[in-house]
Amino acid sequence: MLDILATIHNRHSMRGAFDLGRPVSPETQEKILQAAQWAPTPTNMQNFEMIVVNSADQLDAIGKIPADMSEQFLRETYALLSFTETELAAKRTGMLASSFPLAWTNPEAWNPEADARSQLTFLDRTIGETPLLMFVLYDGSRRAPGSDADTVGLISLGCVMENMWLACESLGLGFHVLTVVSDGAVEKQLRSLMHIPVQMKIAFACSIGYAAQQTAPDTRVRRLLKDFVHYNKFDARA
Ligand SMILES: Cc1cc2nc3c(=O)[nH]c(=O)nc-3n(C[C@H](O)[C@H](O)[C@H](O)COP(=O)(O)O)c2cc1C
């Protein structure tokens, strides 16, 4: 129990550079894929497919896609940022602005007409150098039994993500989730590059690798249990 809690606690987002001289071996890639394979899904429907991108050419092509994120994505991300450690410690939710590319934290860059928009540049600035990307796709024409908007089916994609992430943590690998890949213009280009069938949607991608250098993870905060746990009735505390 202590081991699993320690792995859960230590799992973190790795947004630094990966060591391109240290590839993730095929055996290790298979372990991560097995972690995804054994994720729980509603009625065991196994509602996902995966694309492993490990060829230098394809990684390069993905990196050259313009990181043309929607203003909505940038605005909603911005709303969750803190600009100092003190602000983050007080809020206990969200993230430090310094964890993101500068353009994400510059409202000027959100305006499709503004010159500052060019700061968003290409996906390789967001993804960073990586030896391995894994894309998780789902079939938008199916749904979990009885689930409006397939909410239940989408929850299981989160289980896939967490299984892979915990496996990477225990394998000593860094893991960075990229939801930008499912944002309008970026997704469109990825679909064409990877020949993704029309009914399949990109849920998320993750970049995986060994850290180029040992750096402390970003400051990570969580609410206290008493801030979100209710007993027997909502708003009833222990
Ligand atoms: C569904 C989901 C989507 C996420 N998308 C991104 C993303 O696009 N870019 C990113 O840098 N981190 C992304 N993250 C990572 C979260 O920002 C991170 O888990 C959160 O800030 C807590 O930090 P920790 O993972 O270090 O504990 C995502 C995480 C989840 C669960």
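Below, all heavy atoms of this structure are taken into account, side chains as well, without hydrogens, waters or symmetry copies. In listed order, ligands and their atoms are each counted from 1.
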With sequence neighbours left out, which residue pairs that include part of residues 187-204 fulfil the side chain to side chain donor-acceptor pair (under 3.5 Å) condition?
Glu187-Arg191

Using a 3.5 Å cut-off on N/O to N/O, what pairs does ligand 1 make with the protein? A line per pair would be great.
from: ligand 1; atom 1: 5 (N); to: Thr179; atom 2: OG1; distance (Å): 3.0
from: ligand 1; atom 1: 8 (O); to: Thr179; atom 2: N; distance (Å): 2.7
from: ligand 1; atom 1: 8 (O); to: Thr179; atom 2: OG1; distance (Å): 2.5
from: ligand 1; atom 1: 9 (N); to: Val177; atom 2: O; distance (Å): 3.0
from: ligand 1; atom 1: 11 (O); to: Arg15; atom 2: NE; distance (Å): 2.7
from: ligand 1; atom 1: 11 (O); to: Arg15; atom 2: NH2; distance (Å): 3.4
from: ligand 1; atom 1: 11 (O); to: His176; atom 2: NE2; distance (Å): 2.8
from: ligand 1; atom 1: 12 (N); to: Arg15; atom 2: NH2; distance (Å): 3.2
from: ligand 1; atom 1: 17 (O); to: Arg15; atom 2: NH2; distance (Å): 3.1
from: ligand 1; atom 1: 25 (O); to: Arg11; atom 2: NH1; distance (Å): 2.9
from: ligand 1; atom 1: 25 (O); to: Arg11; atom 2: NH2; distance (Å): 3.4
from: ligand 1; atom 1: 25 (O); to: Ser13; atom 2: N; distance (Å): 3.4
from: ligand 1; atom 1: 25 (O); to: Ser13; atom 2: OG; distance (Å): 2.9
from: ligand 1; atom 1: 26 (O); to: Ser13; atom 2: N; distance (Å): 3.0
from: ligand 1; atom 1: 26 (O); to: Arg220; atom 2: NE; distance (Å): 2.9
from: ligand 1; atom 1: 27 (O); to: Arg11; atom 2: NH2; distance (Å): 2.9
from: ligand 1; atom 1: 27 (O); to: Arg220; atom 2: NE; distance (Å): 2.9
from: ligand 1; atom 1: 27 (O); to: Arg220; atom 2: NH2; distance (Å): 2.8
from: ligand 1; atom 1: 27 (O); to: Arg222; atom 2: NH2; distance (Å): 2.8

Let me check something: any side-chain donor-acceptor pairs from residues 18-25 under 3.5 Å, sequence neighbours excluded? List them with distances.
from: Asp19; atom 1: OD1; to: Gly21; atom 2: N; distance (Å): 2.9
from: Ser25; atom 1: OG; to: Glu27; atom 2: OE1; distance (Å): 3.4
from: Ser25; atom 1: OG; to: Thr28; atom 2: N; distance (Å): 3.1
from: Ser25; atom 1: OG; to: Thr28; atom 2: OG1; distance (Å): 2.9

Just list the side-chain donor-acceptor pairs under 3.5 Å for residues 167-177, sequence neighbours left out, or say none.
from: Ser170; atom 1: OG; to: Ala167; atom 2: O; distance (Å): 3.1

Look at the side-chain heavy atoms of Ile, Leu, Val, Met, Phe, Trp and Tyr, link any pair under 4.5 Å apart, and say whether Trp165 and Leu33 land in one connected group.
yes

Taking the six-membered ring of Phe228 as reference, does the cationic atom of Arg222 (NZ for Lys, CZ for Arg) lie under 6.0 Å from its centre and within 45° of its axis?
no

Does the side chain of Thr41 come under 3.5 Å of the side chain of Gln46 through a donor N or O and an acceptor N or O?
no

